[in-house]
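Here is the naming used below: chain letters follow the sequence lines, and residue numbers restart at 1 for every chain.
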Protein chains: 2
Amino acid sequence: MRKAKDIFEKYISDKKLKFTSQRNFILETFLKEEGHISTEELYKKVSQKYPSIGLATVYRTLKLLSECGLAHERQFGDGQTRYEHSYEHVHHDHLICTRCGKIVEFGNADIEKLQNDVARKNKFKIYAHKLELYGLCHECVNK
Amino acid sequence: MRKAKDIFEKYISDKKLKFTSQRNFILETFLKEEGHISTEELYKKVSQKYPSIGLATVYRTLKLLSECGLAHERQFGDGQTRYEHSYEHVHHDHLICTRCGKIVEFGNADIEKLQNDVARKNKFKIYAHKLELYGLCHECVNK
DNA sequence: GTGGATGCAAACGATTTGCAAGCAT
DNA sequence: ATGCTTGCAAATCGTTTGCATCCAC
């Protein structure tokens with residue numbers, strides 16, 4: 001698998017953009033995260049080591065990372081866009097407990113296969129999907 | 001199946017709220033919609049026949065309709081929350097073309113079954129889900 | 001009559017944008 | 001040298017809220 005940085009650099013040079021130290025550092029910090037991070041949270045982490053960075057730059061960089069497929073946008077209904085990276089991650093979906101907010105990740109190859117069938121039937125070429133199951137987790141059901 | 005208005009009225013009286021003409025008219029207008037409507041769009045339709053109505057009331061009423069299960073929130077990534085009603089609708093999911101914005105609805109019982117299996121394994125009690133497939137539709141692939 | 005509902009405008013939080021200065025190419 | 005990028009602050013967008021008035025109960 002190609003290194004995430006290489007993917008990002010290639011995307012940037014293909015688009016005649018520039019690879020800046022800010023973009024590099026935001027990418028590195030983002031890749032260290034394993035969960036679903038909001039722009040604001042990533043900004044806080046980045047600015048601890050790189051205090052001069054601006055929030056707008058984090059927004060702009062996350063958008064670039066989305067465009068080149070290194071980041072995926074998720075909306076869990078709390079009003080903030082969250083991002084997770086797919087680099088060295090297998091794809092997964094989410095079970096969300098609407099009472100305590102717990103999020104459980106799961107992967108299911110059979111569901112993915114059926115999704116592809118649906119796409120084929122409708123002549124869509126799919127490059128991303130989101131599946132979210134909302135409900136109550138074991139602990140919250142019994143409250 | 002019970003009438004949507006009855007469901008709404010029961011929910012409202014159970015919560016000791018009041019059934020106003022605004023709430024009634026917003027519900028009626030919403031039920032006529034078959035697609036995914038944003039609050040702003042619904043507000044425009046409602047205010048054509050009921051010009052004194054305020055946008056905030058539409059927001060507040062859609063929230064109530066969500067709570068009682070007559071409306072479902074959807075986020076398609078355009079920054080707006082959209083709503084669709086389940087009344088006399090079978091559940092369906094969405095194929096979204098990220099180039100032209102076309103949205104195709106589909107239903108797939110096998111996927112739903114697998115979702116329930118996943119939920120059971122994780123001891124979740126599911127009451128809602130969202131599945132969105134993002135890609136390019138037939139026309140846009142060939143552009 | 002009373003407490004919830006309304007319309008309005010102001011407030012809000014997340015995100016975007018305009019701009020002058022800075023830096024990668 | 002050119003033009004994309006930056007940080008900042010102001011602007012914007014969708015949504016929420018405070019409040020005086022209104023109305024369903």
Side-chain angles (χ1 to χ4, degrees), chain A residues 5 8-30 36-68 71-83, chain B residues 5 8-30 36-68 71-83:
Chain A
K5 193 171 167 180
F8 194 32
E9 282 198 288
K10 178 173 191 324
Y11 180 79
I12 281 183
S13 75
D14 283 355
K15 283 220 155 188
K16 313 247 186 272
L17 308 178
K18 286 164 184 172
F19 192 70
T20 64
S21 64
Q22 287 94 328
R23 286 179 177 167
N24 184 38
F25 191 71
I26 291 168
L27 171 62
E28 284 178 4
T29 309
F30 178 59
H36 323 95
I37 195 169
S38 70
T39 312
E40 195 82 33
E41 287 162 1
L42 184 57
Y43 168 66
K44 275 182 198 145
K45 300 223 173 207
V46 168
S47 57
Q48 277 169 21
K49 293 220 173 169
Y50 202 142
S52 68
I53 220 150
L55 176 58
T57 301
V58 180
Y59 271 99
R60 289 187 274 231
T61 304
L62 277 172
K63 182 157 286 183
L64 284 178
L65 291 173
S66 281
E67 286 167 19
C68 69
H72 295 292
E73 294 189 5
R74 300 280 173 237
Q75 326 238 2
F76 293 127
D78 63 342
Q80 292 199 124
T81 301
R82 295 181 167 276
Y83 293 87
Chain B
K5 192 170 167 179
F8 194 33
E9 282 197 287
K10 179 173 191 320
Y11 181 79
I12 280 182
S13 76
D14 282 356
K15 283 220 155 190
K16 312 242 187 277
L17 307 178
K18 284 163 185 173
F19 192 69
T20 63
S21 64
Q22 288 94 328
R23 287 180 176 166
N24 184 39
F25 192 71
I26 291 168
L27 171 63
E28 283 177 4
T29 309
F30 177 59
H36 323 95
I37 196 169
S38 69
T39 312
E40 195 81 33
E41 286 161 2
L42 184 58
Y43 167 66
K44 275 182 196 143
K45 300 224 174 207
V46 168
S47 57
Q48 276 168 21
K49 292 220 172 167
Y50 202 141
S52 67
I53 220 151
L55 176 57
T57 301
V58 180
Y59 271 99
R60 290 187 273 231
T61 303
L62 278 172
K63 182 157 287 184
L64 283 178
L65 291 172
S66 282
E67 286 166 20
C68 69
H72 295 291
E73 294 190 6
R74 300 279 173 234
Q75 325 239 359
F76 293 129
D78 64 341
Q80 293 199 125
T81 301
R82 294 180 167 278
Y83 293 87

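Between the side chains of B/Tyr50 and B/Thr29, no donor-acceptor pair of N or O atoms lies under 3.5 Å.
Backbone-only contact: A/Thr81 has heavy atoms under 4.0 Å from sugar-phosphate atoms and none from a base. Here B/Lys15 lies out of heavy-atom contact (under 4.0 Å) with every strand. Contacts of B/Ser21 with the nucleic acid, taken as non-hydrogen atoms under 4.0 Å apart, are absent.
The separation between A/Ile37 atom CD1 and C/dA14 atom P is 14 Å, rounded to whole Å. If you take NZ of B/Lys18 and P of D/dC23, they are 12 Å apart, rounded to a whole angstrom. Between the OH atom of A/Tyr83 and the P atom of C/dA14 there is a distance of 13 Å, rounded to whole Å. A/Ile53 places its CD1 atom 17 Å from the P atom of C/dG22, with the value rounded to the nearest Å. Distance, A/Ile12 CD1 to D/dT5 C1': 11 Å, rounded to whole Å. One atom, OH of B/Tyr59, and another, C1' of C/dA11, lie 14 Å apart when rounded to the nearest Å. We find that OH of A/Tyr43 is positioned 14 Å from C1' of C/dA14, with the value rounded to whole Å. Rounding to whole angstrom units, CZ of residue B/Phe76 and P of D/dG14 are separated by 17 Å.
For B/Leu55, whose side chain is taken as the heavy atoms from C-beta onward, the closest listed nucleotide among D/dT15, D/dT5, C/dT15 is D/dT15. Nearest to the side-chain atoms of A/Arg23 among the listed nucleotides D/dT16, D/dG14, D/dT6 stands D/dT6. Nearest to the side-chain atoms of A/Lys63 among the listed nucleotides C/dG7, C/dT16, D/dA24 stands C/dT16. Taking only side-chain atoms of A/Thr57, from C-beta outward, the nucleotide of D/dG7, D/dA24, D/dC4 with the closest atom is D/dG7.
Side-chain atoms of A/Ser47 come within 3.5 Å of backbone atoms of A/Lys44 as a donor-acceptor pair (strictly under, hydrogens ignored). A donor-acceptor pair is defined here as one N or O able to donate and one able to accept, closer than 3.5 Å; no such pair exists between the side chain of B/Arg23 and the backbone of B/Phe8.
Taking the six-membered ring for Trp and the full ring otherwise, the centers of B/Phe76 and B/His36 sit less than 6.0 Å from each other.
Not a single donor-acceptor pair, N or O on each side, falls under 3.5 Å between the base of C/dG3 and the side chain of B/Lys16. Looking at A/Arg60, its side chain comes within 3.5 Å of the base of D/dG7 through a donor and an acceptor atom.
When each of A/Leu64 and A/Ala56 is assigned the nucleotide of DNA chain D bearing its nearest heavy atom, the one mapping closer to the 5' terminus is A/Leu64.
Between C/dG22 and A/Gln22, no contact under 4.0 Å exists linking OP1 or OP2 to a side-chain N or O. For the OP1/OP2 pair of C/dT6 and a distance below 4.0 Å, the side-chain nitrogens and oxygens of B/Thr20 include at least one atom meeting the criterion.
Nearest heavy atoms, B/Glu40 versus B/Gln80: CB-OE1, 4.3 Å.
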